Amino acid sequence: MQFVPAFPTLRFTDVLPSDRWVIEQVPAEAPLFFRGAGALLYGARQLRDGSRDEIIAPTFHCGVEIEALLQAGARVRFAPLNEGLGFDQDRVRAIVTPRTRGILAIHYFGFPQHLQWLRDFCDEFGLALIEDCAHALFSRDDDSWLGTRGDMAIFSFQKSLPVPDGGALVWRTGPIHAALERPPALTTARSLALLCLASWRTQKQGIVAASAQTVARGIGKLGSRMLKALIPDRRVYSPSTTQLDPAVDGLAISPSARAILTHVEPETIVQSRRRNFAILVEELASAPGVVIPFKDLPTGTCPLFLPLLVRQRNLVRARLSEASVECFVFGESPHDNLGSDQCAVASRWSRENLCLPVHQDLTDSMIEYMVRAVRSSLRA
């Protein structure tokens with residue numbers, strides 16, 4: 001049985017020390033955090049401006065970014081989205097108040113938001129534009145890197161690269177100083193071990209490898225619970241999308257993750273992801289029961305996944321998991337502060353989105369196997 005990982009896999013050469021920095025989108029002097037949510041939490045605290053404590057955020061989100069804003073002392077007001085996952089401009093304008101400090105714009109799946117409108121709108125009302133580029137590493141809007149039009153941008157390297165941790169904070173007016181501590185060594189070691197096991201399973205197919213990965217996941221969960229009990233300051237925290245340890249904004253990227261970032265090849269990654277995305281769109285365009293909302297790739301876009309809308313999403317996801325095809329679901333559990341029935345578009349995406357991997361480590365045989373597995377799951 002073929003194994004298709006949802007995220008890129010790790011090679012031995014990726015962890016060798018190096019001094020180079022090749023990610024142009026993130027300046028070399030930008031502070032690197034343990035998590036992207038930590039970067040957002042730290043940055044949102046710097047945006048405080050007296051009584052102006054409101055941040056407008058989209059109704060479709062994973063939850064942790066909203067929690068970061070709340071922990072930073074912000075009041076979050078939610079703005080509905082249109083069918084293209086962009087802000088409904090009239091409804092955003094209607095909820096701006098004298099207390100509004102900024103707008104959080106999420107570049108979903110690597111696709112750029114309408115940045116010119118957002119920039120002009122923020123300038124009109126004196127608001128800060130926060131670009132959430134957690135999905136948008138190596139993506140551009142025309143000739144501009146995503147993350148360079150906002151007053152603040154945050155990145156999460158784990159979604160695009162085989163790193164155990166890592167996020168970044170980019171400030172429009174220049175570098176911002178952040179005194180950060182190293183993360184717990186055991187936390188990093190556990191994440192690296194799971195990355196290595198996933199990489200090994202990708203190369204070593206079969207029931208033995210699959211069983212080893214299952215056992216490793218169980219051991220990892222048990223170890224995580226034990227570490228939480230043993231470390232008093234709770235620096236090892238739940239990976240739940242709606243939970244965030246407040247200490248995370250003081251933790252730096254681990255040395256091993258920093259080393260891995262120096263070995264990435266951005267141009268190769270972008271080309272591979274765009275190619276894999278195009279192949280999957282062509283192969284699945286006629287699949288029954290599937291909507292492909294983003295069939296065309298704008299120039300410069302580096303897709304994180306191929307997002308699908310599937311009515312029987314949970315059933316299809318379970319069948320793909322049985323076939324050893326890992327998928328990703330974004331925003332399945334929105335933050336509790338959102339409430340219900342606030343945005344039909346966000347509700348549908350939370351309920352139906354199923355993201356297929358398009359990352360740079362997919363082989364042609366993996367893509368062919370994934371297409372067959374998706375079609376089989378839909379037919380069943």
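Keep in mind that what you see is a predicted model, and the values were worked out from it rather than measured.
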Just by distance, do the side chain of [X] and the backbone of [Y] share a donor-acceptor pair under 3.5 Å?
| X | Y | value |
| --- | --- | --- |
| T100 | T97 | yes |
| R101 | I55 | no |
| D151 | L129 | yes |

Quiz item: Strictly under 6.0 Å, is that where the ring centroids of F305 and F7 end up?
Solution: yes
Quiz item: Looking at H135 versus F330, is the centre-to-centre ring distance below 6.0 Å?
Solution: yes
Quiz item: Does a side-chain N-to-carboxylate-O contact under 4.0 Å join R48 and D53?
Solution: no
Self-check item: SB check R119 E131 (cutoff 4.0 Å)
Solution: no
Self-check item: Where R313 and V329 come nearest, the two heavy atoms and their spacing
Solution: NH1-CG1, 3.3 Å
Quiz prompt | For F33 against L180, the heavy-atom pair lying closest together | solution = CE2-CD2, 3.7 Å
Quiz item: Between F60 and W349, what is the ring plane arrangement, given parallel below 30°, perpendicular above 60°, and tilted in between?
Solution: tilted
Quiz prompt | Aromatic plane relationship, F121 with F125 - under 30° parallel, 30 to 60° tilted, over 60° perpendicular | solution = tilted
Could you list the donor-acceptor pairs under 3.5 angstrom formed between side-chain atoms of residues 370-380 and any protein atom two or more places apart in sequence or on another chain?
residue : atom : partner : partner atom : Å
R375    : NH2  : E283    : O            : 2.5
R375    : NH2  : S286    : OG           : 3.3
S377    : OG   : A373    : O            : 2.8

Practice problem: Only counting residues at least two apart or in another chain, list the ones meeting side-chain hydrogen bond (donor to acceptor under 3.5 Å, both in side chains) with Q113. | Solution: none
For the residue pair [Y] / [X], report whether a side-chain donor-acceptor contact shorter than 3.5 Å exists.
| X | Y | value |
| --- | --- | --- |
| N314 | R317 | yes |
| E267 | Q271 | no |
| Q116 | R149 | yes |
| Q2 | S365 | yes |

